[in-house]
There are 2 protein chains.
Amino acid sequence: MRRTKEDSEQTREDILNASVRIFSEKGVSQATLDEIAKAANVTRGAIYWHFENKFQIFEALHDRLHQPFVSMILQDLEKDHPEPLQQLRDLWISLLLELDEDEQKKQALTLFVIKSDYSGELAKYKDMHCSSKNESMKLFQRYFEKAKKMGKLPENADPEVLTQAVYCFMKGILFEYLNDQEGFDLKNRAPALINLFFKCFDQ
Amino acid sequence: MRRTKEDSEQTREDILNASVRIFSEKGVSQATLDEIAKAANVTRGAIYWHFENKFQIFEALHDRLHQPFVSMILQDLEKDHPEPLQQLRDLWISLLLELDEDEQKKQALTLFVIKSDYSGELAKYKDMHCSSKNESMKLFQRYFEKAKKMGKLPENADPEVLTQAVYCFMKGILFEYLNDQEGFDLKNRAPALINLFFKCFDQ
DNA sequence: CTACAAACATACACGCATGTATGTATATTG
DNA sequence: CAATATACATACATGCGTGTATGTTTGTAG
């Protein structure tokens with residue numbers, strides 16, 4: 001059953017897509033390669049052909065999902081918005097609203113925000129996760145630095161602290177929403193929550 | 001090796017204490033009963049005598065840790081503070097600062113905030129977790145309801161939204177801190193972060 | 001003082017997930 | 001058109017964690 005090169009690439013994608021689903025449903029450590037194989041309509045043989053083990057899949061998924069996010073933020077930072085804080089606020093609101101309607105993204109975020117605790121078997125990937133977290137935090141910090149340079153923030157405001165605050169808030173929202181999607185009316189609450197938070201910069 | 005009743009209760013406690021450690025280090029699903037047994041200086045036989053299985057330990061831990069938290073908040077709510085928002089703010093700051101120096105509490109919170117994703121084997125306990133979450137959120141909401149009755153909040157402020165906002169923020173802080181304790185200088189940042197957030201109510 | 005049962009420790013059987021070894025069909029290359 | 005490597009599927013061996021069955025000691029009730 002030798003397949004062509006495109007076929008092969010397709011099965012690789014199938015495996016990755018199935019992995020996101022299974023990982024986000026059961027958690028990485030509870031997910032089994034056989035489940036993933038069945039969800040991707042292949043056998044474990046195919047998985048072991050494309051990946052060394054379960055954690056290589058995890059790593060591949062991380063790359064596939066982190067990079068688009070970073071480049072999207074970078075693109076947003078290119079724009080010379082007159083109100084960087086407002087820009088960041090709107091970015092987050094639209095991100096949350098898009099998330100609410102994108103099952104794929106929800107699964108991916110569920111996987112990396114909730115279902116992977118980077119302990120035990122996943123411990124080796126903690127550094128990877130931390131550094132990509134720091135990478136995106138640095139990007140968010142640039143919004144605040146812009147705002148400060150434009151005099152939109154008080155002199156004593158520390159962009160690093162503000163970034164950490166926003167990051168924690170967003171992480172909390174994502175966490176609560178992804179943990180109980182029925183109990184969290186994101187579509188209606190997201191603007192209210194974000195707007196409320198960004199009020200603390202308006203003084 | 002029949003032990004007295006107090007001995008028995010002690011081993012039960014030993015098992016629970018060891019479980020918090022192992023669970024918070026490896027995650028519930030990756031923790032094995034043999035590890036727990038060794039950490040508690042007993043055998044798996046002792047564990048199976050006191051508990052049905054791993055998840056019964058988890059349940060027992062949840063009870064042991066949730067109830068003191070609730071009663072602590074209830075006690076704080078008894079006080080008739082003239083500024084409920086300030087009271088809530090100070091409560092959170094002191095909770096975070098205490099946490100920073102209490103290894104036991106850190107382990108417990110790590111377990112329930114990060115290491116248990118309530119999927120797969122833990123799915124049955126999701127309801128339990130959600131209802132105890134809602135219970136504590138209702139308690140936090142009472143601070144805002146108090147404040148509103150006292151005219152400390154604008155007429156159109158929705159205590160439920162405000163509660164959700166604070167809860168998400170705190171969850172995010174806890175999550176980030178527990179995930180990378182070295183990278184999060186909680187002792188110095190906690191007051192700054194909390195104070196910043198509570199500013200959005202001062203208008 | 002002697003049953004009996006509590007409080008474990010030890011031993012065993014089972015299933016399940018992993019990794020690897022092997023088989024196989026087919027695209028591709030010379 | 002043969003030879004080879006690719007892209008898997010299948011089969012097998014292994015280990016590990018769980019649950020349970022059984023053994024053992026000792027506090028305790030009568």
Side-chain angles (χ1 to χ4, degrees), chain A residues 1-19 21-61 115-117 119-125, chain B residues 1-19 21-61 115-117 119-125:
Chain A
M1 291 196 184
R2 163 89 192 272
R3 310 290 167 76
T4 170
K5 200 135 194 171
E6 295 87 50
D7 284 343
S8 167
E9 191 54 35
Q10 182 59 44
T11 53
R12 194 189 132 95
E13 289 298 312
D14 289 347
I15 293 170
L16 287 177
N17 290 330
S19 298
R21 257 207 6 246
I22 305 293
F23 280 163
S24 66
E25 281 171 12
K26 309 226 170 180
V28 178
S29 60
Q30 290 194 69
T32 141
L33 289 184
D34 200 56
E35 276 179 309
I36 294 176
K38 273 168 185 157
N41 280 322
V42 292
T43 64
R44 273 172 51 242
I47 297 184
Y48 276 105
W49 173 255
H50 286 282
F51 306 94
E52 280 183 29
N53 50 38
K54 192 163 70 170
F55 307 109
Q56 269 244 346
I57 305 181
F58 180 78
E59 215 174 328
L61 281 178
K115 304 294 179 181
S116 48
D117 54 30
S119 58
E121 313 165 304
L122 283 177
K124 335 164 197 170
Y125 301 102
Chain B
M1 289 193 185
R2 161 88 192 270
R3 311 288 167 77
T4 170
K5 200 132 196 172
E6 295 86 52
D7 285 342
S8 168
E9 191 55 33
Q10 182 59 43
T11 53
R12 193 189 133 95
E13 288 298 311
D14 289 346
I15 293 170
L16 286 178
N17 290 330
S19 299
R21 261 208 1 249
I22 305 294
F23 280 163
S24 66
E25 282 171 10
K26 310 226 169 181
V28 178
S29 60
Q30 290 194 70
T32 142
L33 289 183
D34 199 56
E35 278 179 307
I36 294 176
K38 272 168 186 157
N41 281 323
V42 293
T43 64
R44 274 174 49 244
I47 297 184
Y48 276 104
W49 173 255
H50 285 283
F51 306 94
E52 279 183 30
N53 50 37
K54 194 163 69 170
F55 307 108
Q56 270 245 344
I57 304 180
F58 179 78
E59 213 174 329
L61 281 178
K115 304 294 179 182
S116 48
D117 55 31
S119 58
E121 312 165 302
L122 282 178
K124 336 165 199 173
Y125 300 102

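This is a predicted model, so every value here is computed, not measured. Residue numbering restarts at 1 for every chain, and letters A, B, ... go by the order of the sequence lines.
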- Query: For residues D34(B) and T32(B), is any side-chain donor paired with an opposing acceptor at under 3.5 Å?
  - Reply: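 Note: D34(B) and T32(B) side chains miss the donor-acceptor criterion.
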Between [atom2] on [N] and [atom1] on [X], what's the gap in Å once rounded to a whole number?
X: K5(A); N: dT6(D); atom1: NZ; atom2: P; answer: 9 Å
X: D14(B); N: dA7(C); atom1: CG; atom2: C1'; answer: 14 Å
X: I15(A); N: dA7(D); atom1: CD1; atom2: C1'; answer: 11 Å
X: Q10(A); N: dA7(D); atom1: CD; atom2: P; answer: 14 Å
X: K54(B); N: dC16(D); atom1: NZ; atom2: P; answer: 16 Å
X: D7(A); N: dA25(C); atom1: CG; atom2: C1'; answer: 14 Å
X: F55(B); N: dG17(D); atom1: CZ; atom2: P; answer: 14 Å
X: E52(A); N: dT18(C); atom1: CD; atom2: C1'; answer: 14 Å

- Message: For a quick check, tell me whether the side chain of R44(B) and the base of dG17(D) share a donor-acceptor pair closer than 3.5 Å.
- Response: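 When only heavy-atom distances are counted, R44(B) does not reach the base of dG17(D) through any donor-acceptor pair under 3.5 Å.
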Is the shortest side-chain N/O distance from [X] to OP1 or OP2 of [N] below 4.0 Å?
X: H50(B); N: dA7(C); value: no
X: T32(A); N: dC16(C); value: no
X: S8(A); N: dC8(D); value: yes
X: T11(A); N: dA7(D); value: no

Side-chain contact test, heavy atoms from C-beta onward, threshold under 4.5 Å: evaluate it for [X] versus [Y] and give yes or no.
X: E59(B); Y: F51(B); value: no
X: T11(B); Y: W49(B); value: no
X: E13(B); Y: E9(B); value: yes
X: D14(B); Y: V42(B); value: no

- Task: Just call it for T43(B): base, sugar-phosphate, or nothing, with non-hydrogen atoms closer than 4.0 Å on any strand.
- Result: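 Here T43(B) touches the bases of the nucleic acid.
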- Query: How close do Q30(A) and E121(B) get, heavy atom to heavy atom, and via which atoms?
  - Reply: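 So the two residues come closest at OE1-CG, 2.7 Å.
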- First of A46(A) and G45(B) reached from the 5' end of DNA chain D, by closest nucleotide: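 With A46(A) and G45(B) compared, the 5'-side residue is A46(A).
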- Residue L33(B), side-chain atoms from C-beta onward, closest of dC8(C), dG19(D), dT18(C):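 Selected nucleotide (nearest to the side chain): dG19(D).
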- Query: Of the candidate nucleotides dT18(D), dG19(D), dC8(D), which contains the atom at the shortest distance from the side chain of N53(B)?
  - Reply: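 Nucleotide nearest to N53(B)'s side chain: dG19(D).
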- Message: Within this structure, what is the CD1-CG distance for the pair I15(B) and L33(B), rounded to the nearest 0.5 Å?
- Response: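 It is 9.5 Å, given to the nearest 0.5 Å.
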- With both pairing distances under 3.5 angstrom for Watson-Crick or G-U wobble, and | for a partner in another strand, the correct string for DNA chain D is ||||||||||||||||||||||||||||||
